[in-house]
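When a ligand or atom number is given, it counts from 1 through the structure's own listing order.
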Amino acid sequence: MTGASSGIGESFARRLAAEGTDLVIVARRAEQLERLAAELGDAHGVTVEVLAADLGAPVSRREVERRLADSSAPIDLLVNNAGFGTHGNFSELPADREDQEVQVNVVALQRLTSAALGPMLARGRGHVLNVSSIAALYPVPGSATYAATKAFICSFSDALHEELRGTGVVVTSALPGFTRTEFQERSDWTGQDRLPAGAWLSADRVAAESLDGVWAGRARVVSDRRYRLITSITAPIPPGMKRWLMGRSSGLTW
Ligand SMILES: NC(=O)c1ccc[n+]([C@@H]2O[C@H](COP(=O)([O-])OP(=O)(O)OC[C@H]3O[C@@H](n4cnc5c(N)ncnc54)[C@H](OP(=O)(O)O)[C@@H]3O)[C@@H](O)[C@H]2O)c1
């Protein structure tokens, strides 16, 4: 479980622990992870391993890859949830931060999936849940890199879902809409006030619906009926029209 130190990842960890699942939790903030591990261990009698790592740094990331590849302590479900967004005109955003966004949201997710699949295929079972966003479905002026990383995750996960059919290993992507977490503040997005209260999802709900989708073997999970309606109504819109519409409503980031 990556990105378990806050938000949706913490909700995933809480839900899985409550179901009696032992966990390996990953993020940079070791203190938060240690506190969560102690709490979940006490409350549910599960073992929670803490792996503090920066998924944007190749050396640190390799530790996580090694843990996933360790067949003596196999992982049944990999949740690639860690990620962040950036906001602003791409030409004005620091290139290094944009690069980190690709490293964490895309490269780490791809490498961790690669490390996990070997042991899962050898055992003939396993699940990978990759956290994308409904931003994957639209170009998002103002968050160009973020939306592109999330589009990568959907396309990558859909392809693996099909490649792995019949192997016992299933890859699912989750596409949450606006969810109240630390995400908005960390991405310097200030558009929260313009959103109606009803647009917001809770991290617990996103985690619960995404995990239900995993256990049902689904390829994609869009949380919440309203977001499922929006994504299906907008799906047939031609790309040029979608781009134009998003250009007119830019400033919103999932
Ligand atoms: N909130 C939304 O509206 C929304 C909507 C759609 C999709 N999502 C996606 O949901 C996922 C979780 O985000 P959230 O909303 O729960 O935000 P969040 O509260 O900011 O959580 C992000 C998590 O990712 C971890 N992380 C970030 N950079 C990392 C790095 N370099 N190395 C290791 N871990 C890193 C953070 O831990 P540390 O800082 O401790 O490292 C944190 O645990 C993200 O992939 C996000 O894109 C969010």
Inset, instruction - Please state which part of S132 comes within less than 4.0 Å of ligand 1, counting heavy atoms only: side chain, backbone, both or neither. - result: backbone
Inset, instruction - Would you kindly specify which portion of I8 sits under 4.0 Å from ligand 1, judged on non-hydrogen atoms: side chain, backbone, both or neither? - result: both
Inset, instruction - Specify side chain, backbone, both or neither for A203, according to which of its non-hydrogen atoms lie closer than 4.0 Å to ligand 1. - result: neither
Legend entry - 4.0 Å heavy-atom contact, K150 with ligand 1: yes
Legend entry - Proximal candidate to atom 26 (N) of ligand 1 [heavy atom criterion; set A52, S6, A82]: A82
Inset, instruction - Consider only side-chain N and O atoms of T149 and E101, and report whether a donor and an acceptor are under 3.5 Å apart. - result: no
Inset, instruction - Mark the output for V104 as yes if a heavy-atom distance to ligand 1 is under 4.0 Å, and as no if none is. - result: yes
Legend entry - Single-linkage hydrophobic cluster L112~V26, side-chain heavy atoms < 4.5 angstrom: yes
Legend entry - Candidate with minimal heavy-atom separation from atom 8 (N) of ligand 1, of Y146, F183, F178, F84: Y146
Inset, instruction - Taking the six-membered ring for Trp and the full ring for Phe, Tyr or His, determine whether the centres of F90 and Y146 are under 6.0 Å apart. - result: no
Inset, instruction - Run down the list A136, S11, S60, A53 and name the one with the heavy atom closest to atom 33 (C) of ligand 1. - result: A53
Inset, instruction - With the side chain counted from C-beta on, respond yes when L129 and L78 share a heavy-atom pair under 4.5 Å apart, and no when they do not. - result: no
Legend entry - Selected option - heavy-atom contact closest to atom 22 (C) of ligand 1, from A174, G83, G85: G83
Inset, instruction - Inspect the surroundings of CD in E31 and state if more than 12 heavy atoms from other residues, nucleotides or ligands are less than 6.0 Å away. - result: no
Inset, instruction - Using a 4.0 Å heavy-atom cut-off, say whether R29 meets ligand 1 through its side chain, its backbone, both or neither. - result: both
Legend entry - Heavy-atom proximity to atom 45 (O) of ligand 1, best of D54, N81, T149, L55: N81
Legend entry - Check: H161 and V170 side chains under 4.5 Å, non-hydrogen atoms: yes
Inset, instruction - Closest by any non-hydrogen atom to atom 4 (C) of ligand 1: pick that one out of A30, S187, A199, G177. - result: G177
Inset, instruction - Check Q184 against ligand 1 and report side chain, backbone, both or neither, counting heavy atoms closer than 4.0 Å. - result: side chain
